[in-house]
Protein chains: 2
Amino acid sequence: MDDADGALTQLKAWLAQRDLPSDGRLPPERELVEILGVSRGELRKALAVLECDGELWRHVGKGTFIGSRPVEVHSSVAAIANRTNPLEVMQARLIMEPVLAREAAINATGSHLEGMQQCVRLQRTAQTWRQYENADNRLHRLVAEASGNTVLTALFDQLNAVRRAVVWGRLRDESNRPPTNHYSFAQHEALVAAICERDQKAAFKVMQNHLRTVRDNLLQHRSAAE
Amino acid sequence: MDDADGALTQLKAWLAQRDLPSDGRLPPERELVEILGVSRGELRKALAVLECDGELWRHVGKGTFIGSRPVEVHSSVAAIANRTNPLEVMQARLIMEPVLAREAAINATGSHLEGMQQCVRLQRTAQTWRQYENADNRLHRLVAEASGNTVLTALFDQLNAVRRAVVWGRLRDESNRPPTNHYSFAQHEALVAAICERDQKAAFKVMQNHLRTVRDNLLQHRSAAE
DNA sequence: GAATATAATCAATTCTTAATTGATTAGACA
DNA sequence: TGTCTAATCAATTAAGAATTGATTATATTC
C-alpha cells in the first residue's frame, strides 16, 4: 500500500491496536481526524471502503460501529395492516389461536383461569360494545399468555396489533349494545371450561369453532354488502 | 346509587356526555377534580372501580385512557430472545411453517418455484455452513412469501428474527462444511417438489416432518450434553 | 487547474433538562 | 375515624440543546 491509501492503512492499524467498547462504536469522525492526523475527506474514504467490505456500518446521528449493520426487524404494524385485509387476519388467527388454546389447557395457572372467568362474566354484563370488546381482547390475550410459550405469545401480540389496525369498515355491528344472546358468549364459556378442565382437544376445537364462526360472519357480511 | 358513589356516578355521566379524543385519553386527575367538583380521593376511588371493570387503564406519567390496557407490542426481538429457548422456537416453527407450506402449494407463483429450486441446488453445492444456512433461510422465507398471506409472512419474519437471536449454544454442528448426505437435502427437495405439484397435504406433511427432524436433533444433542 | 484540505451546513439521532401525571404519604380538619 | 388538602415520589413525556454522519461551499496547495 502506498501513500494513496495512507488513511486506510492508518485506520486499520488504529483499529487493530485499539480495543473498542462493547457496542463496537468508534469515535466520531471529527475526533478520529485528530487522532489519526488525516483530513476528514481521506478518513471518510477509508471508512467507506471498510463499510463496503462489511467490516463496519455508519448512521447519521448514531455513529460508526464495527460489525454488520443490525437488521431492522421492527416491521411496523401499520405497514402490515395497510397491505392486508380482514380475511388474511382471520386466517392467521385460525392458525395461531387454536394451538394457543390447546397449550393453555396444559399450562394455564390459577390466576390465568381466574382472569378468563372474569372476562366471561364481564362480557355477559357488558353494557356497550366497547366493554364487550375489552373483555374479548383480554380473554384471547390471557389464553395466549397461558400457553406458556414466550414466542407464540409474542407472535399473537403482533397479530393482535395488526388486527386492531386493519380497516374493518362496516363489518362491525354498530348497534348500541351487544345482544344478550350473542353467539360468542357460549363459545367463550365453553373455551374457558375446556381450559379449566385441562381438556386439550376440546380447547383446540372450541377455539377453532369460535374463530370459524367469526370468519363466517365476516364473509356473510361482506357478500351481503356487495 | 346513593351519595357514597357520587363521584362514580358523576364520572360516568361525564364520560357519557363527553366524547373523548381518538386516543381515548381523559384529562389528568388534577383537572378532572375541578371539572367534576369532587375531591381527588373520591375521584381516584371511582377511577379504580372503572379500571377494575376493565373500562379504562392508567399509568404513571402517561395518563388515564378508556379501553383495555395495550399489550407491550414494542417487545423487541432481543427481548423475546432473552426470555425464550430453542425448544419454544421450534414449537412455534412447527405450528407456523407447515401451514405456510400448505398455502404455498396453492398460491406459489412461477418465480417462487424457481427461487425454491435454486435454493435446493445451492444447498447441495454449499462449501461452508454459512452458505448452507443462507440457502436454508432463503428457502423457508420463500415458502412463507409464497403462501400469499401478508400477515402470516410478517409473523414468520418475526419468528425468524427471534430464531436467529436465540442462543443455540453448541447445538450447531461446528464442522467445517455441511456433509454431502445431510438429512435436510432430501427433505427440502421433497418440500419443493410437493409445492411444485400443488400437493397441499404433502407440502404440509413434508414441512412438518422436516421440522420434527430438526427438533428431535435438538433434543438429542441436549440430552447428550446433560 | 485539479486535487485536497477546511469550513459551513443539513438532517437524523441522542442527551439533557424541565414539565406532566398517576401513586403515595403526611398533616389538617371535622 | 374518615376525608380533604397539600406535599412528595416515580415514571413518562416534551422540548430544546448538543452530537454525528453526510453534503456542499470555500480556501489552499502544488
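This structure is a prediction, so every number in the text was calculated from the model and none was measured.
- The side chain to side chain contact (heavy atoms under 4.5 Å, CB included) search around A:Thr109 returns A:Ser111, A:His112, not counting sequence neighbours.
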Please list every donor-acceptor pair under 3.5 Å in which a side-chain atom of residues 92-106 of chain A meets a protein atom from a residue at least two apart or in another chain.
residue	atom	partner	partner atom	Å
A:Arg93	NE	A:Glu97	OE2	2.6
A:Arg93	NH2	A:Glu97	OE2	3.2
A:Glu97	OE1	A:His140	ND1	2.8
A:Glu103	OE1	B:Gln91	NE2	3.2
A:Glu103	OE2	B:Gln91	NE2	3.4

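- Qualifying salt bridge (Lys or Arg N to Asp or Glu O under 4.0 Å) partners for A:Arg44, counting only residues two or more places apart in sequence or in other chains: A:Glu29.
- At a threshold of 4.0 angstrom between heavy atoms, the contacts of B:Gly41 with the nucleic acid are absent.
- For B:Arg40 and D:dA7, the CZ to P distance is 13 Å, given to the nearest whole Å.
- Remark on DNA chain D: of its neighbouring residues B:Lys62 and B:Val38, the 5'-side contact belongs to B:Val38, judged by nearest-heavy-atom nucleotide.
- Scored by the salt bridge (Lys or Arg N to Asp or Glu O under 4.0 Å) test, A:Glu55 finds no partners at all (sequence neighbours excluded).
- Residue pairs meeting the ring pair (Phe, Tyr, Trp, His ring centres under 6.0 Å) criterion with at least one partner in residues 41-60 of chain B, sequence neighbours excluded, are B:Trp57-B:Phe65.
- Taking B:Glu114 as the reference, nothing meets the salt bridge (Lys or Arg N to Asp or Glu O under 4.0 Å) condition, with sequence neighbours excluded.
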N/O-N/O pairs, protein side and nucleotides 26-30 of chain D side, under 3.5 Å:
none

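- With sequence neighbours excluded, the residues satisfying side chain to side chain contact (heavy atoms under 4.5 Å, CB included) with A:Val49 are A:Leu8, A:Asp53.
- Identified under the ring pair (Phe, Tyr, Trp, His ring centres under 6.0 Å) test for residues 20-43 of chain A, with sequence neighbours left out: none.
- Of all the residues in residues 24-35 of chain B, B:Arg30 reach under 4.0 Å from DNA chain D with at least one non-hydrogen atom.
- Atom CG of B:Leu211 is separated from atom CG of B:Leu218 by 12.0 Å, given to the nearest 0.5 angstrom.
- Listed by chain and residue number, nothing satisfies the salt bridge (Lys or Arg N to Asp or Glu O under 4.0 Å) test with B:Lys62 (two or more places apart in sequence, or in another chain).
- Reading DNA chain C from its 5' end, the first and the last nucleotide to sit under 4.0 Å from a heavy atom of chain A are C:dA5 to C:dT14.
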